Student: 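Below is the structure I would like to discuss, written out as structure tokens.
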Amino acid sequence: MENILVSACLLGENCKYNGKNNLNAKVVELKKKFSIIPVCPEVMGGLPTPRVPSEIQGDRVINKEGKDVTEEYNRGALLALELAKKHNCKIAILKEKSPSCGSKFIYDGTFTGAKILDSGVTTKLLRLNGILVYSEDEIDKLIK
């Protein structure tokens, strides 16, 4: 059975910035076809749950209080990549709009809810290393 890396919040783990999760039934269904490797790069990088929300601003990740948390995001991305390599994951399903995991859209850095076409820190690193990254909205592609 093929291993895929999956955002832990999509599996129901309470690791979101607000202490909640993004449980997604379609993602959970993937357990029938794949071996799931859960990951939360933000927590792996040393950030607590709950935590102050963060957004990418230029080449930095800044939380809503103005604190630079780029180091934690980069550390979490590296650890997620190591986990993907350890388990020979060629595919990842990550949470859209997240500054770590967004695959097509992220928030624009203004904390207003506006989105832009871009990818999160972890997604960019995984893709640079040949891992295909999809959002939870693209599950149907994998189920087929």
Side-chain angles (χ1 to χ4, degrees), residues 1-64 69-144:
M1 189 177 289
E2 185 177 357
N3 295 332
I4 61 171
L5 202 66
V6 176
S7 289
C9 65
L10 295 173
L11 297 168
E13 187 173 319
N14 292 328
C15 57
K16 266 180 72 168
Y17 75 92
N18 63 5
K20 297 181 181 180
N21 65 67
N22 292 304
L23 180 62
N24 183 301
K26 283 188 175 184
V27 174
V28 173
E29 281 289 308
L30 291 175
K31 290 180 178 183
K32 293 178 180 177
K33 291 189 172 195
F34 301 96
S35 180
I36 303 297
I37 310 299
V39 62
C40 179
E42 295 171 23
V43 171
M44 291 168 66
L47 294 171
T49 303
R51 58 190 163 274
V52 177
S54 300
E55 294 187 7
I56 296 174
Q57 297 177 0
D59 64 348
R60 311 303 297 167
V61 184
I62 308 297
N63 76 17
K64 198 169 185 177
V69 289
T70 306
E71 183 178 320
E72 290 88 341
Y73 275 75
N74 288 338
R75 182 182 315 119
L78 284 169
L79 291 170
L81 176 62
E82 285 178 19
L83 193 62
K85 286 181 174 182
K86 175 182 176 184
H87 293 280
N88 197 29
C89 297
K90 306 236 183 301
I91 296 171
I93 303 292
L94 302 180
K95 179 67 184 119
E96 193 65 271
K97 299 181 277 190
S98 157
S100 286
C101 299
S103 63
K104 288 192 172 99
F105 297 98
I106 59 171
Y107 291 106
D108 71 355
T110 63
F111 297 96
T112 62
K115 294 177 280 297
I116 57 172
L117 279 171
D118 203 351
S119 300
V121 176
T122 299
T123 295
K124 287 178 181 176
L125 184 63
L126 293 176
R127 285 179 172 158
L128 280 172
N129 285 272
I131 297 169
L132 298 173
V133 180
Y134 298 94
S135 77
E136 70 274 20
D137 301 324
E138 300 173 295
I139 295 297
D140 293 334
K141 291 180 183 179
L142 289 174
I143 292 174
K144 294 175 185 177

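As the structure is a prediction and not an experimental result, all values here were calculated from the model.
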Student: Under a 4.5 Å cut-off applied to non-hydrogen side-chain atoms, are I37 and I4 in contact?
Tutor: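 No; the side chains remain at least 4.5 Å from each other.
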Student: How about F34 and N3: do any of their side-chain heavy atoms sit closer than 4.5 Å?
Tutor: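 Answer no - side chains too far apart.
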Student: Compare every heavy atom of L10 with every heavy atom of K95, then report the nearest pair and how far apart it is.
Tutor: CD-CD2, 3.7 Å
Student: For M1 and K33, work out which heavy atoms get closest and say how close.
Tutor: CG-O, 3.5 Å
Student: Does a side-chain heavy-atom distance below 4.5 Å link L5 with L126?
Tutor: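 Result yes, sub-4.5 Å side-chain heavy-atom pair found.
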Student: Taking all heavy atoms of E136 and all of E96, pick out the closest pair and write down the distance.
Tutor: OE1-N, 2.9 Å
Student: Please examine the side chains of S103 and T123, heavy atoms only from C-beta on, and report whether any two atoms are closer than 4.5 Å.
Tutor: yes
Student: Distance-only criterion, 3.5 Å: show the donor-acceptor pairs between side-chain atoms of residues 86-94 and protein atoms not counting sequence neighbours.
Tutor:
from, atom 1, to, atom 2, distance (Å)
N88, OD1, K90, NZ, 2.9

Student: Given the rule in the side chain to side chain contact (heavy atoms under 4.5 Å, CB included) test, do K26 and D140 qualify, once you have shown the distances and angles that lead to the verdict?
Tutor: CA-CA 8 Å; K26 283 188 175 184; D140 293 334; 3.1 Å; yes
Student: Does K16 reach the side chain of N18, with side-chain heavy atoms less than 4.5 Å apart?
Tutor: yes
Student: Quick check: do I56 and D118 have side-chain heavy atoms less than 4.5 Å from each other?
Tutor: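 No; the side chains remain at least 4.5 Å from each other.
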Student: Please report the interatomic distance CG(L47) to CG(N63), rounded to the nearest 0.5 Å.
Tutor: 8.5 Å
Student: Step by step, would you call V27 with N22 a side chain to side chain contact (heavy atoms under 4.5 Å, CB included)?
Tutor: CA-CA 10 Å; V27 174; N22 292 304; over 6 Å; no
Student: If you measure from OG on S7 to CD on E13, what distance do you get to the nearest 0.5 Å?
Tutor: 10.5 Å
Student: Measuring from L78:CG to L83:CG, what's the distance to the nearest 0.5 Å?
Tutor: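 Interatomic distance, L78 CG to L83 CG, rounded to 0.5 Å: 12.5 Å.
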Student: Answer yes or no: is there a side-chain heavy-atom contact under 4.5 Å between E42 and S98?
Tutor: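 Touching, per the 4.5 Å side-chain cut-off.
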Student: About how many Å separate CD1 of I106 and NZ of K124, when rounded to the nearest 0.5 Å?
Tutor: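 One finds 6.0 Å between NZ of K124 and CD1 of I106.
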Student: Taking all heavy atoms of T70 and all of D59, pick out the closest pair and write down the distance.
Tutor: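 Nearest pair, atom of T70 first, then D59: CG2-O, 4.2 Å.
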Student: Looking at every heavy atom in both A77 and P41, which two are closest together, and how far apart are they?
Tutor: N-CB, 4.3 Å
Student: Side chain to side chain contact (heavy atoms under 4.5 Å, CB included) between L117 and F105: does it pass, once the steps are laid out?
Tutor: CA-CA 5 Å; L117 279 171; F105 297 98; 3.4 Å; yes
Student: Checking K31 against L11 for the side chain to side chain contact (heavy atoms under 4.5 Å, CB included) test, could you report, in this order, the C-alpha distance in whole Å, the side-chain angles of both residues, the deciding distance, and whether it holds?
Tutor: CA-CA 10 Å; K31 290 180 178 183; L11 297 168; 4.2 Å; yes
Student: Determine yes or no for a side-chain-to-main-chain donor-acceptor pair under 3.5 angstrom, with R60 supplying the side chain and Q57 the backbone.
Tutor: no
Student: What's the spacing between S35 OG and L30 CG if we round to 0.5 Å?
Tutor: 11.5 Å
Student: Just to verify, what does R127 make a salt bridge (charged side-chain N to carboxylate O under 4.0 Å, His left out) with, not counting sequence neighbours?
Tutor: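 Salt bridge (charged side-chain N to carboxylate O under 4.0 Å, His left out) check on R127 returns nothing, list empty.
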Student: For F111 and E55, work out which heavy atoms get closest and say how close.
Tutor: N-OE1, 3.0 Å
Student: Can you name the salt bridge (charged side-chain N to carboxylate O under 4.0 Å, His left out) partners of K85, sequence neighbours left out?
Tutor: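 With sequence neighbours excluded, K85 shows a salt bridge (charged side-chain N to carboxylate O under 4.0 Å, His left out) to no residue whatsoever.
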Student: Do E72 and S54 touch side chain to side chain, with heavy atoms closer than 4.5 Å?
Tutor: no
Student: Would you compute the distance between atom CG of N21 and atom SG of C40 and round it to the nearest 0.5 angstrom?
Tutor: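 So the CG of N21 and the SG of C40 are separated by 11.5 Å.
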